[in-house]
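Source: prediction; values computed, not measured. Protein chains get the first letters and strands the later ones, always in sequence-line order, with residue 1 at the start of each.
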Amino acid sequence: MAEELLSGLNPAQRRAVEAIDGPVLVLAGPGSGKTRVLTHRIAHMIRTVGVDPYRILAVTFTNKASREMRERLDILVGPNDARALTAGTFHSLCARFLRREIVHLGRGRDFTIYDSDDQERLMRRVLRELNLDEKQNPPRAMLGRISSAKNELVSPDDFARLSHTYAAEITARCYAHYQQLLHESNALDFDDLLVEMVHIFAQFPEVLEKYQKRYEYLLVDEYQDTNKVQYTLVQNLAGARRNLFAVGDEDQSVYGFRGADIRNILRFEQDYPDAQVIMLEQNYRSTQAILDAAQAVIAGGGKKKHLKKLWTQNGAGLQVSLHEGYDQSEEAKFVVDEIARLVASGDYRYRDCAVMYRINAQSRALEEALIPRGVPYQIVGGPRFYERKEIKDVLAYLHLAYNPYDRLRLGRVLNWPGRGIGERSESELQRWAIELGVPPFQALRELEDLPSPFSARAKNALLSFLAIIDELIVAQSKLPLTELIDMILGRLEVRETLVREYGAEEGDDRWRNVQELRNVATEYSGLPIEAQLPTCLEEIALVAEVDKMDGKADAMTCITLHQAKGLEYPVVFLVGLEEGLLPHSRSSDDPEKVEEERRLLYVGMTRARQRLYLCHAFRRLSFGRVNISTRTRFLADIPAALLKQTKKRAPTTASSQTNNMFTGRGGYGGAPPRGPTATKDLPPRPVAPAEVSFFIGQPVCHATFGEGVVMGSRLVDGDEEVMVSFADKQRKLLASFARLEKL
DNA sequence: TCCGCCTAGGTTTTT
DNA sequence: CCTAGGCGGA
């Protein structure tokens, strides 16, 4: 068995798998098989070393990764041992631990997790209650500062103490009040899940000790993306035993914006001077051409010397393609045409192809090109299912059934479906609750007995709402989740409400979404009834879109560069490689952020196994405005020899032009700039040169020589001379003459 | 209180 | 371009 687990590993991987005692840092380049190393290491620990899987804690970057790891372990060590292992993301693990331990903080385990939408609503309320202007204090920015503070383990009190400017002082007040409101709602936001765990460990050493004793072996993936809270958790859990196995790649650090500190991985050797450091430098994923281009991009960052030197045995492969489209719709069309062509050739399936972009909004142009072509696709992320209004409304009732003190959800559905509780009654309820000194939901309970400031009509409406919630609270503990949802849908006449609100057509669409939610709920029917609702709600909050990707369908994938981390595809298109988009304009002014964007491009490029296309557009529509774009500076770092320019597109279609002419608002927009100098500002648009139509690696067929592979192609006197390797020997053929058939 | 129209403003990236 | 929220009218 031992050999079986280790066979097929290279010496470095093998060392990483076998180094069981003491701290280990693995610096793993892209495609170096680190997932395999992690999994096989665990299997090795269980099978060969005899470690009890119950003693192993593996922190993965996505839930998908931990699920796949477990599936693999099912085979390697058997389902029983695979199940005994603890694995998950920081967030899901902490949520799990907190349900058990939060009583130490004097709170119930029935807490709610607020997602970013909830956070923003809550912050709006904070601003309102503190009489602050939303325009001057954008909720999102405020939340960003608070989130950074939490990631740095700065408490509201600390924050206030450290605030020396008026703006900081405002933030401190918002932070404190925000935490107050969260607390009143018995809610935690994403950051709190980790922060509260750290608090518990700090305040209750016996709890920490319990976890340290239980988890003798700790494995952390994507260590370069840990922030201070996560780092602290790792240090705590690793404790004195220090059986810590961290894997990461400083070149793939792309989460600085959420506090990830690349230095955590660089600091590892200081934290653990006796650490074994292992480099995984052989790449098993990409061709040399792709790897060379990617390395050129990362090397373009200059200064810091690179620790790893990646190489591959996968062969040279095809040149990386560089393509300029006229605008984003032509760029998208190029991508879709190319995918259709590759699939038609029989070499690839749709599921082998992925398009990656910097921001979600870019997916729209792609979708518009994909639909008319009939190419099956899945968009990861973007307008999320659980963020749709009708879904959130129904979910709000589920949340209230579990935690009726959730004020945000209470406010959300107090008057949905409309039951005559307007803004006035709502604020009246708030005021009255404060007067009574109880949470608003508790105030509803007092309505029957205490004299209240409501009109008889308002009072009845509020009581009918309370009656529904009470019914749900009772039902929640007795009914399976699907029946609970059915009860909500029926009792609230959700379908009728949606049709009334949105009309028959859209109302039905939204009703279908709601039914989809019910479908999702059936997945929890295997759990004990009392666990169904909380598990479902927690997963909805914590399971990322990428975790839910459909792995079986034959559909191409549209995904952001961030979410693509850790994935791989035979064919990858990177679109929108333009200044302002990558690096994003919000990052362009800060050199450190620019470097992070560079790494993002590196991550994207190294997702590709065989074919990589780098695409940018000459002009791009953003905010409904046309902007002239220049290709990203990072492309200049790739030696021209590594790139193959594909045909540039002239503005061919009438639609892309006429559309743009009328979309602009006000002065600029699509209107052509005036004056003789204006046109000179545009980069020259050279006439497309004659182009080779065969590329290296392309499979072809010849009437007499049979099947072969293109080894090279060049233009000679206006004709194309193609070098083809056939079964017997290589031959030079003229494209116009030889009638080569592309396969 | 409800409904519908209108306009202003918004897009990093994620758990 | 899209969307949420503000405002006027019933």
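- In this structure, CG of Asn360(A) is placed 13 Å from P of dT11(B), rounded to the nearest angstrom.
- Across all strands shown, Ser92(A) has no heavy atoms under 4.0 Å from either base or sugar-phosphate atoms.
- A straight line from NZ of Lys64(A) to P of dT14(B) spans 15 Å, rounded to a whole angstrom.
- A straight line from OH of Tyr357(A) to C1' of dT11(B) spans 13 Å, rounded to a whole angstrom.
- The distance between atom CG of Leu194(A) and atom P of dT15(B), rounded to the nearest whole Å, is 13 Å.
- The pair Arg512(A)-Asp508(A) does not count as a salt bridge, with every side-chain nitrogen at least 4.0 angstrom from each carboxylate oxygen.
- Ion pairing of Asp189(A) with Lys150(A) is present here, as a side-chain N (NZ or NE/NH1/NH2) and a carboxylate O approach within less than 4.0 Å.
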If you restrict it to nitrogen or oxygen atoms, what contacts under 3.5 Å exist between nucleotides 3-10 of chain C and the protein, and what is each distance?
none

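- Residue Ile359(A) is classed as a base contact, given a heavy-atom separation below 4.0 Å to a base.
- Of the candidate nucleotides dT1(B), dT14(B), dT15(B), dT1(B) has the atom lying nearest to any side-chain atom of Ser425(A).
- Nucleotide dT13(B) holds its P atom 18 Å from the CG atom of Asn151(A), rounded to whole Å.
- Remark: ring of Phe257(A) stacked against base of dT13(B); centroid gap under 5.5 Å, plane tilt under 30°.
- For Tyr255(A), taking side-chain heavy atoms from C-beta onward, the closest of the listed nucleotides dT1(B), dT11(B), dT14(B) is dT14(B).
- Of all non-hydrogen atoms in His562(A) and Tyr255(A), the two that sit nearest each other are O-OH, 3.4 Å.
- The residues Lys135(A) and Asp133(A) are annotated as not salt-bridged, no charged nitrogen and carboxylate oxygen being separated by less than 4.0 angstrom.
- Cation-pi geometry between Arg125(A) and Tyr178(A) is not met: the NZ or CZ atom fails to fall both under 6.0 Å from the ring centre and inside 45° of the normal.
- Rounded to the nearest Å, the gap between the P atom of dT11(B) and that of dG6(C) is 16 Å.
- Atom pair Met197(A):CE and dT15(B):C1' shows a separation of 17 Å (rounding to whole Å applied).
- Checking dT13(B), dC2(B), dC2(C) against the side-chain heavy atoms of Asn415(A) singles out dC2(B) as nearest.
- Electrostatic pairing of Glu120(A) and Arg140(A) does not count as a salt bridge here, judged by no charged N lying under 4.0 Å from a carboxylate O.
- The distance between atom CD of Glu368(A) and atom P of dC2(C), rounded to the nearest whole Å, is 8 Å.
- Between Arg510(A) and Asp393(A) there is no salt bridge, since no side-chain nitrogen of the basic residue lies less than 4.0 Å from a carboxylate oxygen of the acidic one.
- At the phosphate of dC1(C), neither OP1 nor OP2 sits under 4.0 Å from any side-chain N or O atom of Ser622(A).
- Picking from dT13(B), dT1(B), dC2(C) the nucleotide with the shortest atom distance to the side chain of Arg364(A) gives dC2(C).
- Mapping His91(A) and Lys593(A) onto DNA chain B by nearest heavy atom places Lys593(A) closer to the 5' end of the strand.
- Of the two residues contacting DNA chain B, namely Ala541(A) and Ala458(A), the nearest-nucleotide position lying further toward the 5' end is that of Ala458(A).
- Nucleic acid contact class of Gln563(A) (heavy atoms, under 4.0 Å, all strands): sugar-phosphate only.
- Here the C1' atom of nucleotide dT14(B) and the OH atom of Tyr386(A) are 17 Å apart, to the nearest Å.
- Among the nucleotides dT11(B), dT15(B), dT13(B), the one closest to the side chain of Ser116(A) is dT15(B).
- Summarising the geometry of Thr560(A) relative to Ile359(A), their closest heavy-atom pair is CG2-C, 4.5 Å, with the distance given to 0.1 Å.
- At a threshold of 4.0 angstrom between heavy atoms, the contacts of Phe90(A) with the nucleic acid are absent.
- In this structure, Ser588(A) reaches neither bases nor backbone, as no heavy-atom distance under 4.0 Å exists between it and the strands shown.
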